[in-house]
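Letters A, B, ... mirror the listed sequences (proteins, then strands); counts begin at 1.
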Amino acid sequence: MNATRVRAVIRRIIDQFRHDRRSLALLFLVPIVISGLLGWIMTSQATPTPRVAAVVGDTLLRASVSAALNGAATDGLIVDLGLLDDEQVARTMLRAGDADTVLLMPSGTAASVASGQRPTITLLTLGVDAARDSAAAGTAQKLLAAMFAARGAAIALPLVVHGTIFGKPEPTQLDILGPVFIGFFAYFLVFILTGISFLRERTGGTLERLMATPITRMEIVTGYSIGFGLFAMLQVIVFLVFSLASVTVPAIGPLPSFGLGLGIYNAGSPLLVFAVTLLSALGAVNLAIFLSTFARTEFQIVQFIPLVIVPQAFLAGIFWPIATLPPVLQVIARLLPLTYTIEGLRAIMIRGADLTDTTLQVDVLFLAGVALVFAVMATRTIRREVA
Amino acid sequence: MDAAAVEARGLVKRFGTLTAVDGIDLSLAPGRIYGLLGPNGSGKTTLIRLLAGLAIPTAGEAIVLGVRMPSASQLSRIGYMTQSDGLYPELTIWENLRFFGALYGITDRPSLEAALETVQLADRAGTPVMELSGGMRRRVSLACALVHRPAVLFLDEPTVGIDPTMRVQFWGHFRQLAAAGATILVSSHVMDEADRCDELVLVRNGKVVDQGTGAEIRERAGTNDLEEAFLRYAERLGGGNGDAPLPSRGSAR
C-alpha cells in the first residue's frame, strides 16, 4: 500500500466534488430537506378529533349514552354528534363523511349487562384508514367504560399512567423513527454516489488507464473508501446536527417563529451514533464499487436501488420489527447490513447503549466485517475488465 | 541483434469463440517508432493491452524490457494512451495530470509542467477537461501518458480527431521521445501516418500479415500505395468480406 497513490485518489475525489458544486450542494441539502420534511409531518401530525354518534336501541341507556358523549366532548376527546334514529341514518352519515365513528347498541343491552352477560356493541367506521379506526376503537372503549362506570356509580376505574424503561413515556413517531432514517439515508445516498462515480470510472476509460499505472486494486478501493467516507461523514454530520438539535428561531418581522432541527430523542453518545453510521456507509461504498461491475450504464445503477436498498428497507426493522417477520425472512434480515445499522442506532439513541453493550458490540463488529468483506469483493472485481 | 524492448511470442487472446489475437510474434527495438496498422476489429487494441499488461494472454507471452507481462514492476516504465481519453472531465487539465503523475510517484511541479509543455497546453492548465475540444483532450491524454517519462509507449490511435497541424506536432513529440531512447508503438488506421513510422506492423484478423519499413512492404506487395498493399494482403489471405473497409487517405477517422 503506497500512501502517495492512496492520497492521490482521495484528493481526486475531493477535487471532483469541488468542481461539481451542484452535487456538493445536494449532499448537504438532501439531508436537510428530508429530515426537515419528515420532522414537520411527524411532529405536527394533528389527528382530527373523531366525530362520534350513537344509535341506542335500548331506551334505558339513552340518557347515559347521551351524557357520556357529552362528557367526552367536554373533555375534548370527541366531537359529539348526539344520538341518531337508526343504523341506516348512521351508515349514510359515515359514507357522506359527516361522522367518523358510530356506536350501535341494540335493545336489551342494559338488561344483559345487569344479568352478567356480555352484550355486543357494534363500532361502525368507514374502514379506510387503519390508524384512525384503531384510534376510534380506543375512544369507544373509554367512552363505554366511562358510561358504565357512571351507571354503576360504586365502581371507580383506575387511572392508567404510562411508564417506560427506555425512551420518553409519550414518544412521537419521530423519536422512534429518528435513528432509522439517519442510518438509512446515509447508507442510501453514499451507495448511489459511489456507484455512479465508480461506474463512470469503468465506462469513461479512466479505470483502464488506472490499471496501466502502478496503483494496486487495494489502493483504489482504500482511496475510494476514504474519499467517499469523508463526504459520507460530512453528510452524517449534517443529518445529526439537524436531527438532534432543536433551535427555535424567533419571529422576525412578518415571519412567524419556527423551529429548526428535529430535537430527536437521543439517550446515547452522538459520537457513537456518528461512528456507527459511518461504518455502515463504508460498507455501502464498497458494495457500490462491487455492484458497479454488473452495470453498464448509470441507468442500471439506479435500477440496483430497488434490488439493494428496498429489500433492506423492508427487512431491516424499519417498518416492521424483525421478530414479527416470517422465520425465513428473519434469517435473511440477520444477513443484511442495514439491520445492524438500525439495531445499533436504536440501541444507542433509545436505550443509551455504549460500547459495553453486547448488542451494540455485535452490530459494530458485523458492520465492520461487512465493510471489509465488500472491500475485498470490490477489489476482486476491478481487474475483471471488458476488452 | 540487441535486446528487444518489447517482444511478443506466439501471443494469443481469445474471448469466448472470438480470437482477437491469433499467434502474434513481434520484436520491437529501443528508440524506434512502430506503426501498428489494421482495420477496425483487427485486434490492435487487444494486442496493445496484452503488451501493456492489461490483459492476460490465452497463450504465448508478452515481454517488456526483459520482464514477462503482466508485471507490476514494469508498469512505471510503460506509458499507455487509451483509445478513449481516459480523463476526468470535471477536473482541470492540471488536476488530471497531477493525479496520474502521483500514481507514478511524480509529484514535483517541474516534471508536470514539462509534460504540459510537451503538448503545448501550459497556458490552459486551469481549464476543466470537459470544456476542451476533442483534439485538446487527446493532447491532455498524451501528457498523462508521458508524465513519468516511460521507456516504452503504447499509443492507441493517438491522433484520432486531431487536426493536421496538431498531428504534425504529435509526430514531432513522438520523434523526440524516440530519439531519447523510447520505444513507441502507435496504432492507427490512417495510412498517411504510416510513413512517419520507422517500421510498420500490418495486422488483420488477429494475425501479423507483414512487418517491415514502408518501402519494404510496398515492394513486397508490388504497389506504391500502402492502402493498396493492404488490400492485396487481404486478397491473398482470402476473404476480406465482413471487414470494415480502410478509410480513404487523409480522412481523420
Test: B:Glu95 and A:Arg18 ion pair at under 4.0 Å: yes
Regarding B:Glu90 and A:Arg21, does a basic nitrogen lie under 4.0 Å from an acidic carboxylate oxygen? no
Value rounded to 0.5 Å, distance of [atom1] in [X] from [atom2] in [Y]:
{"X": "B:Leu91", "Y": "A:Gln16", "atom1": "CG", "atom2": "CD", "answer": "5.0 Å"}
{"X": "A:Arg7", "Y": "B:Thr107", "atom1": "CZ", "atom2": "OG1", "answer": "9.0 Å"}
{"X": "B:Thr82", "Y": "A:Leu207", "atom1": "OG1", "atom2": "CG", "answer": "11.0 Å"}
{"X": "B:Phe99", "Y": "A:Leu210", "atom1": "CZ", "atom2": "CG", "answer": "5.0 Å"}
{"X": "A:Thr216", "Y": "B:Leu75", "atom1": "OG1", "atom2": "CG", "answer": "11.0 Å"}

May I ask you to name which of B:Ala102, B:Ser73, B:Ser141 has the most heavy-atom pairs under 4.5 Å with chain A? B:Ser141
Give the member of B:Ala55, B:Gly105, B:Ala72, B:Cys144 that has the highest number of heavy-atom pairs under 4.5 Å with chain A.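 Ranked by contacts with chain A, first place is B:Cys144.
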Which bit of A:Glu201 is near chain B, if near means a heavy-atom gap under 4.5 Å: side chain, backbone, both or neither? side chain
A:Val6 portion near chain B, given a 4.5 angstrom heavy-atom threshold: neither
Which bit of [X] is near chain A, if near means a heavy-atom gap under 4.5 Å: side chain, backbone, both or neither?
{"X": "B:Asn96", "answer": "neither"}
{"X": "B:Phe154", "answer": "neither"}
{"X": "B:Ala145", "answer": "both"}
{"X": "B:Thr92", "answer": "both"}

Under 6.0 Å from the CZ atom of B:Arg32, do we count more than 12 heavy atoms belonging to anything else shown? yes
Look at atom CD1 of B:Ile56 and say whether more than 12 heavy atoms of other residues, nucleotides or ligands are closer to it than 6.0 Å.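 No, not enclosed.
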Has A:Arg12 got its NZ or CZ under 6.0 Å from the middle of the six-membered ring of B:Tyr88, at an angle within 45 degrees of the ring axis? yes
Check whether any side-chain N or O of A:Arg209 sits under 3.5 Å from a backbone N or O of B:Gly86 as a donor-acceptor pair, and report yes or no.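 Looks like yes, one N/O pair under 3.5 Å.
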What are the two closest non-hydrogen atoms of B:Ser84 and A:Gly204, and how far apart are they?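 B:Ser84 and A:Gly204 have their closest heavy atoms at OG-O, 4.0 Å.
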Less than 4.5 Å apart, any side-chain heavy atom of A:Asp15 and any of B:Arg98? yes
